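What follows is a short report on a single structure.
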2 protein chains.
Amino acid sequence: MTFVLVVDDDPAMRRTLSINLRARDYEVETAGDGRSALQVVDERMPDVVLLDLGLPDLDGIAVLKQLRSFSRVPVIVVSARTESDDKVEALDLGADDFITKPFSLEELLARVRATSRRVGREEPDLVVEVDGLRLDVTDSRATRGDTEIHLTPIEWKLVEVLARRRGRLVRQTELLTAVWGPAYDTQTNYLRVHMASIRRKLEADPSHPVLFVTEPGMGYRFAPG
Amino acid sequence: MTFVLVVDDDPAMRRTLSINLRARDYEVETAGDGRSALQVVDERMPDVVLLDLGLPDLDGIAVLKQLRSFSRVPVIVVSARTESDDKVEALDLGADDFITKPFSLEELLARVRATSRRVGREEPDLVVEVDGLRLDVTDSRATRGDTEIHLTPIEWKLVEVLARRRGRLVRQTELLTAVWGPAYDTQTNYLRVHMASIRRKLEADPSHPVLFVTEPGMGYRFAPG
DNA sequence: CGGGGTCTTGACGCCGTCTTAGCGGCGGTT
DNA sequence: AACCGCCGCTAAGACGGCGTCAAGACCCCG
């Protein structure tokens with residue numbers, strides 16, 4: 001059964017959606033503000049989140065941003081605002097879909113179906129060990145032997161994207177959009193600088209990298225072993 | 001580079017979308033009717049399809065239905081009709097997103113980004129193995145036995161285009177536009193030079209190529225086996 | 001208000017890649 | 001037999017990408 005989290009500050013809207021979703025055999029949880037929404041996502045891992053942008057405490061956009069920092073749950077943004085800027089921002093921040101009020105219930109349900117259709121692949125814990133170095137990506141912990149190695153947020157994000165496709169080439173554009181957003185997909189000097197510091201921390205010999213390999217003109221590859 | 005197929009019966013719309021998408025570094029192909037759209041999807045496997053519902057020959061819905069019978073490519077349906085029934089039908093038939101005309105270009109681009117990000121690299125691996133030589137095109141990796149072979153970006157692009165149509169002839173014009181853009185589609189000397197270095201790296205006997213065959217006056221063919 | 005860590009930005013040198021031009025071989029045509 | 005188009009091949013120089021460093025902006029926290 002699909003588990004949906006409805007985030008909206010309007011109790012009537014929460015109620016309407018709950019009733020209708022439950023009638024279609026969805027399991028439903030609701031949240032009236034951003035903080036509790038984030039909490040529910042963290043604790044109960046819903047399959048889909050319906051996120052209203054007009055929330056009392058946090059801006060809906062801010063909620064989305066925070067949410068994406070720890071979860072990849074599909075998010076459908078619901079908003080009264082039709083400005084395309086809002087849509088663009090939400091979608092680029094990691095929203096999976098966008099629907100404007102007023103909407104027909106059938107359309108919403110169809111979008112929920114379309115979005116949750118893709119759900120199912122639960123990713124295993126991402127841990128890599130290479131001669132003494134241990135990278136626990138899901139926990140954001142790195143150790144060599146017994147000593148802890150500290151990586152900055154940007155470094156972790158890069159390592160994460162690369163580790164998720166280990167062995168495969170990840171293009172510069174992809175790394176850039178993953179960390180800085182689509183607008184920065186030509187700023188390759190960012191990559192050069194930050195990949196350098198990643199190597200300084202993780203490579204046995206930073207001047208001759210074997211873990212984080214450059215593919216000139218294309219991207220980088222995380223190639224342990 | 002993301003490869004987008006634009007399906008619309010209105011030439012002006014096709015043109016507008018092509019120009020704007022190409023300006024953002026998308027590779028674009030267009031189709032004016034359902035049949036050619038299905039053909040392009042079959043032959044060239046785009047990463048995203050923008051599908052207009054009002055087509056001359058087949059109904060857009062019918063196109064979507066047929067398309068889903070053989071491909072899982074992400075489809076964004078574009079339509080002038082705002083009826084929620086249409087949206088529901090399209091989404092349930094396997095469309096990944098729905099956007100109504102008139103739309104802002106930025107929103108469309110954001111939806112393309114969101115869709116292609118979501119689907120990620122689910123494309124089946126394109127791997128070719130011929131007596132000791134292994135070409136993994138999706139990973140951009142080439143090995144003979146245990147030794148890694150390094151290809152440059154241009155070489156990979158050429159190999160990729162050829163491998164995608166393995167066995168079939170690919171015209172010079174097409175290779176040239178794929179790598180250097182439409183403005184260079186007569187610079188056949190580029191092809192001569194770069195095909196030479198591809199052969200030097202990948203062919204067992206570069207002076208008697210069997211994998212990358214020249215079809216004089218027409219183009220090249222990747223013919224493994 | 002001050003300080004440590006992080007990120008951005010620009011400059012520089014090195015090195016591999018791409019471009020460009022020229023030459024020779026091969027085959028078809030007249 | 002001579003010519004012409006097309007292709008393979010080479011090599012030199014132009015070009016651009018990458019790593020590196022350092023200075024300054026920024027931000028969070030005390």
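Computed from a predicted structure; not experimentally measured. The sequence lines fix the lettering, A, B, ..., with proteins before strands; numbering per chain opens at 1.
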Quick check on D:dG8: is either OP1 or OP2 less than 4.0 Å from any side-chain nitrogen or oxygen of B:Y220? yes

Rounding to an integer number of Å, can you tell me how far A:L191 CG sits from D:dG17 P? 13 Å

Would you say the side-chain atoms of B:R111 pair up with the backbone N or O of A:F98, donor to acceptor, closer than 3.5 Å? yes

Any sub-3.5 Å donor-acceptor pair from A:R134's side-chain atoms to A:E129's backbone N or O? no

If you count every heavy atom of other residues, nucleotides or ligands that lies below 6.0 Å from A:Y184 atom OH, does the total exceed 12? no

What closest approach, in Å, do B:V210 and B:V213 show between heavy atoms, and which atom pair accounts for it? O-CG2, 3.6 Å

With a 4.0 Å cut-off, would you call A:R144 and A:E203 a salt bridge? no

Note: contacts of residues 193-201 of chain A with DNA chain C (heavy atom, under 4.0 Å) are A:V193, A:H194

Any donor and acceptor pair, going by atom type alone, linking the side chain of B:T143 with main-chain N or O of B:D146 inside 3.5 Å? no

Using a heavy-atom cut-off of under 4.0 Å over every strand shown, decide if A:Q172 touches base, sugar-phosphate, or nothing. sugar-phosphate

Using the salt bridge (charged side-chain N to carboxylate O under 4.0 Å, His left out) criterion, which residues pair with A:K157? Sequence neighbours excluded. none

Nearest whole Å is fine: how far is D:dA11 P from B:R192 CZ? 17 Å

Flag if over 12 foreign heavy atoms under 6.0 Å of NE2, B:H150: yes

Between B:R141 and B:E148, does the salt bridge (charged side-chain N to carboxylate O under 4.0 Å, His left out) criterion hold? Intermediate values first, please. CA-CA 8 Å; B:R141 221 163 187 184; B:E148 191 101 1; 3.2 Å; yes

One thing to verify: whether B:R14 and B:D8 come together as a salt bridge, which I'm taking to mean a side-chain N less than 4.0 angstrom from a carboxylate O. no

Contact list please: residues 208-219 of chain A against DNA chain D, heavy atoms, distance less than 4.0 Å, in numerical order. A:T214, A:P216, A:G217

Walk along DNA chain C from 5' to 3' and tell me the first and last nucleotide with an atom closer than 4.0 Å to a non-hydrogen atom of chain B. C:dT17 to C:dT20

Testing the basics here: between A:M195 and A:L162, what is the closest heavy-atom pair and its distance to 0.1 Å? CE-CD1, 4.0 Å

Lys/Arg-Asp/Glu bridge criterion (N-O < 4.0 Å) met for B:D139, A:R165: no

Bend across the helix from C:dC1-D:dG30 to C:dT30-D:dA1, to 10°, with axes taken over 5 pairs at each end? 30°

Distance check needed: D:dC26 P versus A:Y190 OH, whole Å only. 13 Å

Ring pair (Phe, Tyr, Trp, His ring centres under 6.0 Å) partners for B:F222, two or more places apart: B:F212

